[in-house]
Amino acid sequence: MNKFLELALAGVQQLVPYVPGKPVDELQRELGLSEVVKLASNENPLGTGDKVLAAIQATMPELTRYPDGSGFGLKAALSAKLAVAPSSITLGNGSSEILELVMRTFVSPEHEVVFSQHAFALYPILTQAVGAQARIVPAKNYGHDLQAMLATISDKTRLVFIANPNNPTGTLLASDELESFISALPAHVLCVLDEAYYEFVAPSDRTESLAWPQRYPNLIVTRTFSKAYGLAGLRIGYGISSDDVADLLNRVRQPFNSNMLALAAAEAALTDADYLAKTLAVNNAGMTQLTSAFEDLGLDWIPSSGNFVSVDVKQNALPVYEALLLKGIIVRPVANYEMPQHLRISIGTERENQMFITALKQVLQGV
Ligand SMILES: *Cc1c(COP(=O)(O)O)cnc(C)c1O
């Protein structure tokens, strides 16, 4: 029994920490394996890009200084690329920090927070950490049921989370549906539209969401450099909102929340069109490679707009996950998302995908 349990905030007392994907080093140590393939945290499989590496190296001699707390350079680059004003941008230590800032700025224990069943695991954790009440709306075909979500909103609701595409299901909402939902929200309800996987969405399916905060000032769109831009280890993401909301988030954040290497690397990543194009090409090919294999194995999967896919292994997925681990393949069980028969597979390189497919076949056929 933790001696400090009674002293912790009420929400924190019941809190179960987020479980990250198993690190490669840990599995290698445990099993003495020479090669481990990690397809568990939706990371970019290409490794760090050359432009990013050069920017980091150029920045290293400056590390005795504090970073630019205003993030001037990165905000200017984002502003130019995304056609949004720098004053609408909030930078964060990963986009997770933006989610947390919104929570700490606007949500207190008397409030309710609405999100979907099977939605990203951080939403319930952040809600509980501030002691607010989660209202989890049953999903429709694994995706968000926007009508049911709207019907759940009450006078107590202060925040709605929408993940588009959602993790771990990969489901995507149509742009018009999403906009009608946002336009129907009462003025006292903020909406976080979490677009961590935006870059992976097929161009014809993308929403013009960054223009929306001008029309709907209660909307905060979040994006990240962790996934398509390959900077998960550096921790840098951002929110786009009305200037009024950005002003409040910037009051709450720590003055140096985005570190110097991350700021430089993110700015460089925005200029590396080749890396992004290659990332998307590898992802598209890998998605086909994995889903064809699932089809051969007679397995159903949830069509995904992200860099991962959740597959139904038609049995308790945990023993399958564990058998894959013994073969040096790390994927993600999603029982904590109420999907006990699914495994979420991040798309890797062609070789990594093939190693996973071979291992999955062996495991399912009991070899
Ligand atoms: C990965 C992820 C994030 C945030 O990742 P950061 O590394 O903190 O930017 C946010 N939302 C979803 C749905 C994610 O899968």
Side-chain angles (χ1 to χ4, degrees), residues 17-21 23 38-45 48 52 71 74 78 89-104 113 115-127 129 136 139 142-144 159-173 178 191-201 207 209 220-240 249 253-254 257-259 261-263 265-266 269-270 279 283 302 304-310 331-334 336-337 339 342 344-347:
Y18 180 83
V19 182
K38 184 184 177 200
L39 303 174
S41 298
N42 301 344
E43 295 151 336
N44 193 313
T48 309
V52 164
L74 179 56
L78 283 170
I89 304 172
T90 307
L91 299 177
N93 186 35
S95 60
S96 313
E97 193 194 11
I98 308 294
L99 309 182
E100 186 173 23
L101 285 174
V102 172
M103 196 62 104
R104 285 173 48 219
V113 177
F115 50 89
S116 176
Q117 180 191 19
H118 312 309
F120 185 41
L122 213 48
Y123 309 157
I125 292 176
L126 294 173
T127 302
I136 303 172
Y142 293 105
H144 293 46
L159 178 62
V160 183
F161 282 113
I162 303 273
N164 201 46
N166 182 44
N167 169 19
T169 59
T171 48
L172 185 76
L173 292 158
L178 193 52
C191 179
V192 167
L193 177 59
D194 178 347
E195 295 190 331
Y197 301 96
Y198 178 82
E199 294 82 3
F200 294 103
V201 176
T207 58
S209 52
I220 301 118
V221 180
T222 59
R223 294 195 186 166
T224 183
F225 286 93
S226 297
K227 311 281 164 57
Y229 288 102
L231 301 184
L234 276 175
R235 315 303 304 128
I236 181 89
Y238 56 97
I240 307 284
L249 300 182
R253 72 173 174 86
Q254 291 190 32
N257 64 331
S258 301
N259 74 78
L261 295 179
L263 290 169
L270 286 177
T279 296
N283 195 65
I302 307 170
S304 169
S305 295
N307 64 343
F308 56 88
V309 57
S310 286
V331 297
R332 194 63 159 265
V334 283
N336 58 326
Y337 287 94
M339 295 164 62
H342 282 84
R344 190 195 67 193
I345 322 299
S346 305
I347 311 293

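Remember, it's 1-based here, ligands and their atoms both numbered in the order they're listed.
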Please list every donor-acceptor pair under 3.5 Å in which a side-chain atom of residues 165-173 meets a protein atom from a residue at least two apart or in another chain.
from, atom 1, to, atom 2, distance (Å)
Asn166, ND2, His118, O, 2.8
Asn166, ND2, Thr169, OG1, 3.0
Asn167, OD1, Arg344, NH1, 2.7
Asn167, ND2, Tyr197, OH, 3.4
Thr169, OG1, Thr171, N, 3.4
Thr169, OG1, Thr171, OG1, 2.8

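Heavy-atom minimum distance, Leu193 versus Ser209: CD2-CB, 3.8 Å.
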Could you list each nitrogen or oxygen of ligand 1 that sits under 3.5 Å from a protein nitrogen or oxygen, with the atom names and the distance?
from, atom 1, to, atom 2, distance (Å)
ligand 1, 7 (O), Ser226, OG, 2.6
ligand 1, 7 (O), Arg235, NH1, 2.7
ligand 1, 7 (O), Arg235, NH2, 3.3
ligand 1, 8 (O), Ser95, N, 3.3
ligand 1, 8 (O), Ser96, N, 3.0
ligand 1, 8 (O), Ser96, OG, 2.4
ligand 1, 8 (O), Arg235, NH2, 2.8
ligand 1, 9 (O), Ser95, N, 2.7
ligand 1, 9 (O), Ser95, OG, 2.8
ligand 1, 9 (O), Thr224, OG1, 2.5
ligand 1, 9 (O), Ser226, OG, 3.4
ligand 1, 11 (N), Asp194, OD1, 3.1
ligand 1, 11 (N), Asp194, OD2, 2.6
ligand 1, 15 (O), Asn167, ND2, 2.8
ligand 1, 15 (O), Tyr197, OH, 2.6
ligand 1, 15 (O), Lys227, NZ, 3.2

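For the atom pair CG (Asn283) and CZ (Phe200), the distance works out to 5.0 Å, reported to the nearest 0.5 Å. Atoms CD1 and CZ, on Ile136 and Phe115 in that order, are 4.5 Å from each other to the nearest 0.5 Å. Taking CD of Gln117 as the start and NE2 of His144 as the end, the distance is 11.0 Å to the nearest 0.5 Å.
Side-chain atoms of Ile240 and Ile89, non-hydrogen and from C-beta on, do get closer than 4.5 Å to each other.
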